[in-house]
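Here the structure comes first, spelled out in structure tokens, and everything after it is commentary.
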Amino acid sequence: MSEAVKTRGKLIQGESGPWEVVIGLEVHAQVLSKAKLFSGASTEFGGAPNSHVSLVDAGMPGMLPVINDFCVEQAVRTGLGLQAQINKVSVFDRKNYFYADLPQGYQISQYKQPIVGEGEVHVDLPAGESVTVRIERLHLEQDAGKSLHDQDPHFTFVDLNRSGVALMEIVSKPDMRSADEAAAYLKKLREILRYLGTCDGNMDEGSMRADVNVSVCRVGGYEKFIETGSFEYLGTRCEIKNVNSMRFVAQAIEYESRRQVEVLESGRAIDQETRLFDNKSGVTRPMRSKEEAHDYRYFPDPDLLPLELDDAFIERIRLSLPELPDAKKARFVSQYGLSPYDATVLTAERETAEFYESVAKDRDAKAAANWVTGDFFASLNRDNKAIAESPVSAAALGELIDLIADGTISGKIAKDVFVIMYETSGMPRAIVEERGLRQVTDTGAIAKAIDDVIDSNPQKVEELLKKPKLIGWFVGEVMKRTQGKANPQAVNELLRAKLGDRIGS
Ligand code: ADP
Ligand code: MG
């Protein structure tokens, strides 16, 4: 483990001294698949209640689960994307508990033998450094249904559309040291899942949600934990269930870590418990004391054989993996000479990276990066539009950059042209021609404008002797007379030639 890992993170000052924060996340990511994990029912979001429910999902007696190959493939693909160990034999277990939205009376999950073992994620922090968060495991499991408490004053309703939908539970090691790191980890994990096409990462629709484990310990505790691997050096954790946005994850951690420090500073101990985050008041509240694995009476599901994967299956998936964010980012830095920051921004989504690469092709890559991350992103963000909905295509933006490069328009006029392109979906060359925005490089026309400005402002010409900076005012006037179309460099040169002896020093 590097020095940076040992010492990083944010400390909380207590009366008796500083405390370190330690965070581990269990992320539930819904597998992108048309059908459920053990039935053929649809996984589509937003159907009428109980319209996507097969007899298997409803827990009818005698129904048998049949594994969906595609979900297995998606889990393996995700494991490979997390640079993780793929377990060629894994086992589905029954996790027994009673709840109204769990018709079988148990959830089919994986416990001792998950499909994916240890891996890692490289997390980019806002300040520019990056840290590694280790992955403990990834297992496949079924989602439960949903209890609806707000439909009737007397009854709770149950919607089983989600019942049986495939989830990947991705469990990290307790390697995050602040709310910012946890949010950045989630962001990176979501990026990777989206690149892989194994989860849409849509937190609003519940396709990705996190159980957030938080503890605090005395400074040095985490380092000891890393050295020895022993959890005894860490504090007792609380688990905050089902947090469904990055902002709430960060808020829950801020609140919970402070609460734990207060409890410890007052001489009490932390109870290991499951808590809920109330996003309206920003606090966490106890939900239940922590359950133990033995409470669930896990046992291998007798309806399902152990899952065995062969090398050819794994290799076929490995070969089909796309270039992932880390590799793409490194390539953008070396191939295009971009800063790590720009490269990170441009590779955050696959669509963004593709868009950038088609703009940059055979052009000044840095100029392309500036346009994409600048005016282009600003306009899309303002209107809350995705790249796919952009009125400005990559070809159009590329053409605009060409027009600047060959001197047809100035960088300043280009900004105006961009606004018109965005409003009209038009191509820049046509816009420039139609609106007569071509840069004037014809020195005759510029000279004429300069003479006009000099002739009508004798006073200013006098002042120029004492105030050489006034030359800027002359440039501005000439630009006005040419509606901003004069080539600024030509204006400057001609002005200096004409007024040279008048400019003071
Ligand atoms: P469970 O299902 O009982 O919550 P898991 O082993 O599946 O147990 O998940 C435990 C999660 O809690 C992991 O993400 C792990 O990194 C994290 N964790 C374990 N101990 C601590 C601790 N002391 N502080 C913070 N997080 C912890
Ligand atoms: Mg847990």
Side-chain angles (χ1 to χ4, degrees), residues 1 5 9-10 12 19-29 82 84 90 93 95-97 107 109-121 123 131-141 144 167-179 181-183 185-186 189 208-243 249-250 252-261 263-264 269-276 284 287-298:
M1 228 9 77
V5 169
K10 209 163 96 185
I12 298 181
W19 299 82
E20 295 187 283
V21 182
V22 175
I23 302 147
L25 297 186
E26 296 159 83
V27 172
H28 288 93
L82 300 176
S90 63
D93 295 288
K95 181 180 181 180
N96 298 282
Y97 66 94
Q107 176 193 32
S109 180
Q110 296 188 306
Y111 176 51
K112 288 222 167 107
Q113 287 177 267
I115 186 165
V116 175
E118 294 188 347
E120 60 183 43
V121 173
V123 177
V131 295
T132 300
V133 171
R134 294 167 302 159
I135 299 295
E136 167 102 35
R137 57 191 270 148
L138 174 157
H139 66 254
L140 275 170
E141 63 183 29
L167 301 178
M168 298 179 281
E169 177 166 336
I170 303 168
V171 182
S172 83
K173 304 245 183 190
D175 281 353
M176 285 152 277
R177 314 301 315 287
S178 66
E181 283 189 21
Y185 163 76
L186 265 184
L189 184 61
M208 200 173 140
R209 41 198 207 263
D211 296 345
V212 184
N213 294 272
V214 180
S215 67
V216 298
C217 61
R218 282 298 182 196
V219 173
Y222 183 77
E223 185 176 340
K224 274 263 193 278
F225 161 71
I226 290 296
E227 269 169 25
T228 61
S230 167
F231 282 79
E232 70 183 286
Y233 295 104
L234 299 181
T236 303
R237 71 179 152 125
C238 288
E239 176 174 351
I240 311 156
K241 274 280 171 204
N242 258 327
V243 190
V249 165
I253 291 167
E254 293 285 354
Y255 176 86
E256 179 61 18
S257 51
R258 291 214 154 71
R259 183 192 72 84
Q260 292 184 10
V261 166
V263 169
L264 293 168
I270 302 293
D271 294 325
Q272 185 168 342
E273 63 188 359
T274 301
R275 299 177 70 90
L276 278 184
T284 65
M287 180 181 166
R288 57 175 188 246
S289 68
K290 174 71 186 160
E291 69 288 350
E292 303 280 344
H294 62 247
D295 296 325
Y296 290 114
R297 297 292 188 273
Y298 278 101

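Source: prediction; values computed, not measured. Just follow the structure's listing: the first ligand is 1, and inside any ligand the first atom is 1.
- Rounding to the nearest 0.5 Å gives a distance of 10.5 Å between CD1 of I170 and CG of L25.
- For T236, no heavy-atom contact with ligand 1 is shorter than 4.0 Å.
- Taking every heavy atom of F231 and a limit of under 4.0 angstrom, the matching atoms of ligand 1 come to 19 (C), 20 (N).
- A 4.5 Å side-chain heavy-atom check between E181 and V123 finds every atom pair outside the cut-off.
- Proximity to E239 (heavy-atom distance under 4.0 Å) selects the following atoms of ligand 1: 4 (O).
- Looking at R237, E136, M176 and measuring to atom 8 (O) of ligand 1, the nearest heavy atom belongs to R237.
- Looking at heavy atoms from C-beta onward, R237 lies out of side-chain contact with V214 at the 4.5 angstrom threshold.
- A salt bridge does not link R134 to E136: none of the charged side-chain nitrogens sits closer than 4.0 Å to a carboxylate oxygen.
- Near L234, meaning under 4.0 Å from one of its heavy atoms, ligand 1 places the atoms 23 (N).
- The contact set between ligand 1 and V171, taken as ligand atoms under 4.0 Å from a residue heavy atom, comprises 9 (O), 13 (C), 14 (O).
- S172 contributes atom OG, which lies 9.5 Å from atom CG of L189 (distance to the nearest 0.5 angstrom).
- Which of G221, G235, P174 comes nearest to atom 23 (N) of ligand 1 through a heavy atom is settled by distance: it is G235.
- Of all atoms in ligand 1, listed by their number and element, those nearer than 4.0 Å to a heavy atom of K173 are 16 (O).
- Classification of the Y296-Y298 ring pair by plane angle, with boundaries at 30° and 60°, yields perpendicular.
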